[in-house]
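Report on one structure; see the data block that follows.
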Amino acid sequence: MGLSFGTLQMRETSSGPLPAPIPGIPVRLDPLAYEACPGKGIPYPAAYRDLFGTYPENWLMGHCRWVFVGYSRVPEIRRRGASGGVITQALVTLLETGQIDGAVVVRQGRPKPWQARPIIARSVDEIVAASQSVYVPVPVNTILADMERFDGRLAYVGLPDQVASLRQLQRLGHPGALKVNTVLGPYVGTSVYFGAVESYLRSNGVDDVEEVAELKYREGEWPGYLQIRTRSGEVFRVKKFYYNYLIPFYVTRSSLLAVDFTNELTDISVGDAWHPRYEGQGGGFSVVVARSERGEELLASMQQEGVLAVEEIGLEEASSMHAHMLDFKKRGAFIRLEWRKAMGKRVPEVGYRPVSIPLSRKLVELAIVSLFGVCRTRLLRRAVEFVPLGLVGPVFEALRRAWKRISKPVKRRGLVEVPFEVKGSLSASPPQPPLSPPRKREGGSPSLPPTNGREPAPQSPRQPGGRPLRSPLRRRAEGPSSVSPAGGREAFASVDPASGREALPSIILRRSLRAMMSAAREIRYWTQADWSFADIAEHYDRLAQDYDEINQDTYSYFRRFTDALSLAQLSDRAHFLDICARTGKGTAYFYQRGKVGSAVCAEVSYRMGEICQRRLREVGLKRFRWVPLFDYRLPFEDGEFDTVLSLETVEHFSEPERLIAELGRVTRPQGVLILSTPNVLWRPIHSLAAILGLHHSKGPHRFIGYRKLLAMVRQAGFRVECAETKVLVPAGPRWMINLGEWLEARMRHTLMPWIGLRRMLVCRREVE
Ligand SMILES: Cc1cc2nc3c(=O)[nH]c(=O)nc-3n(C[C@H](O)[C@H](O)[C@H](O)COP(=O)(O)OP(=O)(O)OC[C@H]3O[C@@H](n4cnc5c(N)ncnc54)[C@H](O)[C@@H]3O)c2cc1C
């Protein structure tokens, strides 16, 4: 939304706030919006290289220069902070020392506290008032336009996805993003939809969220309470760990698919120091990672100024504190991504992945995913509200601990050895440093001073020790990780480490699962009554990379262009619209035959769009524009185009008559529409080919009966000049295709209209 020039608004949905068009205003998006979209995925390897010069040594935690446990030594900031108040303290230091003029933070809504939103805080008071964590989605980057207008330098606090997006925008030169000189962010395991809070309220007999006067996710002594005060003065409180029982019921999809736990693209990232040693003391302790030189310098100066207490710990100890969540992200999330992808859903591409994951870990994931799947049903969400809170919290916590204990061997086993491969580079990371249990410090007790009563005296910075990551401003990121070949193996095959081969049961399991998922998907396409542009885009985005390659050898694919050209009498150098232009092959083909003077390629899939634009530049077409399609109202003038090409397109829309009507509107009088769409008889064959993996699926679609199709084009103001049904043998050995062509020529007007694959219409726009 921050990149939509005010043409989108945030709409509250059960899946958190989502951008939606403002009625009556055509959507306009900054071209950077797609590049920086975390839903599409940000390429982490490129971002690592850009920010830190190398890939990380440790792919579980990202780049780490200095890792420690600490807290703000200003009691008020520490008390109000989610853990040790380190993020807030860093922002305050930056502002007070004149390094920034404002900070992008998240503030609880006013007067509706549940509507948290991003602000640019300009004073210490504003920064401190925004401390604590908000565990429901807050669209921080909606503030980009304000950042662009802001006069001065900024710090920025965001969740990993938001930070990745900001970094991408910095890379691409967005003026608002370039004002940010320091990026901070929390570790993020899971976040929950706001429905979790509503559910908690209902359990307490409050049905209307408007009753809420104050909402704190981490109030009181660390680790804190969810605390809600109502307008009538009632206060509800539940321990953070007990309140976590709602996670399986309301966990957000984005946090299940995010692979970055420790906010790897920040200058400084901060999490809770989950360890009995610190939890026992209360007060609030953060685990802090300085990733960049800037982050390290800032923290060292805070330590020197006496506002930050520091106990150095090693990377091992820091990883060990969060081993379960690291596993949840660095193996679990990759498994979930792969499964989702196999089900035909769009997933973010992060540019790297674990080379292999053992079957035992996948079985653990199956249990987790099944649990979440069951808990997220409406029935169970409602049912849990009737269990007394005094029971459900402790029971959940006991179960969580038991599950952690049971799954620990499988989850930890192999975690540190997991090599990660950067997609497309055939390079894999070396094993991670071992995740040992927290190491006892030499000399016994931790060096953080006792925290009761008065704040202790500042500590002087420590000298660099022999171990890595224990000294500020000394260590520099080392060269790139050593590499070992990772081959083109599929990431989720269970690979025998000795032979490097995939086991036969694994192959059978994988292929059967894939066929079952394809069948389920095709059944869904057959039965769904309605679907959105986003659903179509999802399918084609997923397909984009392989689309040309798959179609390369499919005889019927290119016939759509050659048949279209031979059937229609087209004027030369026309103003040309290619609707659902996919990878731009049609426009390129007609351009190379002199039929295109200027072109507009409209398409639902951005990924296809990228390929299309590249192709058209390569063929030398200078006057073209690529336009994203969001809805049926096409963003063109009446009668704008001389020639409109709509090949194998209309069947993808759940309301094809609306699309065809729009094609009528934008074609000039006497202009030509060439429309092709498959014969309904071929629908089962298309689906079967997808299930058997012989061809790509058509995605969401409904084939249109011939008479209905003719009625639609006439209704849209066209006269049908020529109608033929083409292609008998769509693919296969050359002799079969030749036979097909021979039969086709002889049955052109007899059997072909019945059994041919593709309806082709050449239509002329009537003069009104
Ligand atoms: C959704 C979420 C999930 C988390 N999961 C984990 C976890 O699994 N394990 C773990 O160790 N730590 C987790 N954390 C981090 C932890 O809760 C603390 O934020 C972190 O320890 C920093 O503490 P602090 O006292 O230094 O932060 P503070 O000094 O309290 O500052 C927090 C800063 O974060 C900003 N902020 C708060 N919520 C959001 C939000 N939703 N979006 C953007 N900015 C926000 C605030 O504006 C503030 O500037 C999570 C945080 C969030 C928001």
Within the structure provided, determine whether Arg49 and Thr54 are in side-chain contact (heavy-atom separation under 4.5 Å). no
Please examine the side chains of Ser286 and Tyr71, heavy atoms only from C-beta on, and report whether any two atoms are closer than 4.5 Å. no
Any donor-acceptor pair under 3.5 Å linking the side-chain atoms of Tyr156 with those of Asp267? no
So, do Phe236 and Tyr225 have ring centers that fall under 6.0 Å from each other? no
Heavy-atom closest pair, residues Pro186 and Gly158: CD-O, 3.4 Å
Cation-pi check, Lys179 to Phe150: give yes when NZ or CZ is under 6.0 Å from the six-membered ring centre and within 45° of the ring axis, no otherwise. no
Using side-chain heavy atoms (C-beta onward) and a distance below 4.5 Å, is Leu18 in contact with Met10? no
Parallel under 30°, tilted from 30 to 60°, perpendicular over 60°: which one fits the rings of Tyr135 and Tyr217? perpendicular
I need the Ile127 CD1 to Ile119 CD1 distance, nearest 0.5 Å. 9.0 Å
Under a 4.5 Å cut-off applied to non-hydrogen side-chain atoms, are Pro175 and Leu178 in contact? no
Side-chain (Ser320) to main-chain (Glu316) donor-acceptor, under 3.5 angstrom: no
Take Glu76 and Arg80 through the test salt bridge (charged side-chain N to carboxylate O under 4.0 Å, His left out) and record every step on the way to the result. CA-CA 6 Å; Glu76 171 71 356; Arg80 295 180 70 137; 3.3 Å; yes
Residues forming a salt bridge (Lys or Arg N to Asp or Glu O under 4.0 Å) with Asp272, sequence neighbours excluded: Arg218
For atom OH of Tyr606, decide whether the heavy atoms of other residues, nucleotides or ligands shown that lie under 6.0 angstrom number more than 12. yes
Is it true that a side-chain atom of Gln170 and a backbone atom of Ala177 form a donor plus acceptor pair closer than 3.5 Å? yes
Check residues 100-116 and write down every donor-acceptor pair under 3.5 Å in which the side-chain atom is one partner and the other belongs to a residue at least two apart or another chain.
{"from": "Asp101", "atom 1": "OD2", "to": "Arg153", "atom 2": "N", "distance (Å)": "2.7"}
{"from": "Asp101", "atom 1": "OD2", "to": "Arg153", "atom 2": "NE", "distance (Å)": "3.4"}
{"from": "Gln108", "atom 1": "NE2", "to": "Leu215", "atom 2": "O", "distance (Å)": "3.3"}

Measure the spacing between CZ of Arg229 and NZ of Lys216 and express it to the nearest 0.5 Å. 9.5 Å
Over all atoms of both residues, closest heavy-atom pair of Ala196 and Val192: CB-CG2, 3.9 Å
Donor-acceptor pair, side chain of Lys40 and main chain of Glu35, under 3.5 angstrom: yes
Return yes when atom CZ of Arg231 has more than 12 non-hydrogen atoms of other residues, nucleotides or ligands closer than 6.0 Å, and no otherwise. yes
Ring centres under 6.0 angstrom apart (Tyr187, Phe261): yes
Before you tell me yes or no, could you show the steps for Arg171 and Gln168 under side-chain contact (heavy atoms from CB on, under 4.5 Å), namely the whole-Å CA-CA distance, both residues' side-chain angles and the distance that decides it to 0.1 Å? CA-CA 5 Å; Arg171 224 148 77 94; Gln168 183 79 336; 3.2 Å; yes
Between Met147 and Gly176, which heavy-atom pair has the shortest distance, and what is it? CE-O, 3.7 Å
For the residue pair Ser255 and Thr190, confirm or rule out a side-chain donor-acceptor distance under 3.5 Å. no
Mind checking the CD-CD spacing from Gln99 to Glu297? Nearest 0.5 Å is all I need. 9.0 Å
Charged N to carboxylate O below 4.0 Å: is that the case for Arg65 and Glu296? yes
Salt bridge (Lys or Arg N to Asp or Glu O under 4.0 Å) partner of Glu264, chosen from Lys330, Arg167, Arg291, Lys329: Lys330
Think Arg336 forms a cation-pi with Phe328, using NZ or CZ under 6.0 Å from the six-ring centre and within 45 degrees of its axis? yes
Once rounded to the nearest 0.5 Å, what's the spacing between atom CG of Leu94 and atom CG of Asn181? 7.0 Å
Looking only at side chains, do Tyr44 and Asp260 share a donor and an acceptor under 3.5 Å apart? yes
Note, Met61 side chain near Val289 side chain (heavy atom, < 4.5 Å): yes
Return yes when atom NZ of Lys239 has more than 12 non-hydrogen atoms of other residues, nucleotides or ligands closer than 6.0 Å, and no otherwise. no
Shortest non-hydrogen contact from Ala155 to Leu184? CB-CD1, 4.5 Å
Within 45° of the six-membered ring axis of Phe285 and under 6.0 Å from that ring's centre, is NZ or CZ of Arg78 located there? yes
Compute whether any side-chain donor of one residue and acceptor of the other, for Tyr278 and Glu311, lie under 3.5 angstrom apart. yes
Is the shortest distance from a Lys or Arg side-chain nitrogen in Glu421 or Arg353 to a carboxylate oxygen in the other one below 4.0 Å? yes
Apply side-chain contact (heavy atoms from CB on, under 4.5 Å) to the pair Glu211 and Val209, showing each step before the final yes or no. CA-CA 5 Å; Glu211 284 297 305; Val209 68; over 6 Å; no
Close side-chain approach of Trp274 to Pro223, heavy-atom, < 4.5 Å: yes
Would you say the side chain of Val287 lies within less than 4.5 Å of the side chain of Ile313, judging by non-hydrogen atoms? yes
List the steps and the verdict of side-chain contact (heavy atoms from CB on, under 4.5 Å) for Leu299 and Trp66. CA-CA 9 Å; Leu299 292 167; Trp66 186 24; 3.7 Å; yes
Exercise: identify the closest heavy-atom pair between Val67 and Cys64: CG2-CB, 4.0 Å
Atom pair CD1/CD of Ile77 and Gln89 - distance to nearest 0.5 Å: 4.0 Å
Result of checking Val27, Ile22, Leu29, Thr142 against Ser4 for side chain to side chain contact (heavy atoms under 4.5 Å, CB included): Leu29
Nearest 0.5 Å please: distance from the CG atom of Asn58 over to the CG atom of Leu60. 5.0 Å
Could you pull out the closest heavy-atom pair between Val86 and Ser72, with the gap in Å? CG2-N, 4.4 Å
Arg28 NZ/CZ over Phe5 ring centroid, <6.0 Å and within 45° of normal: yes
Val136 vs Tyr193 side-chain heavy atoms within contact, under 4.5 Å: no
Go through the steps for His174 and Leu3 under the test side-chain contact (heavy atoms from CB on, under 4.5 Å), then give the verdict. CA-CA 10 Å; His174 182 275; Leu3 295 169; 3.5 Å; yes
Say whether Ser269 and Asn263, considering side chains only, have a donor N or O and an acceptor N or O under 3.5 Å apart. no
Counting distance only, does the side-chain N/O of Ser301 pair as donor-acceptor with the main-chain N or O of Leu298 below 3.5 Å? yes
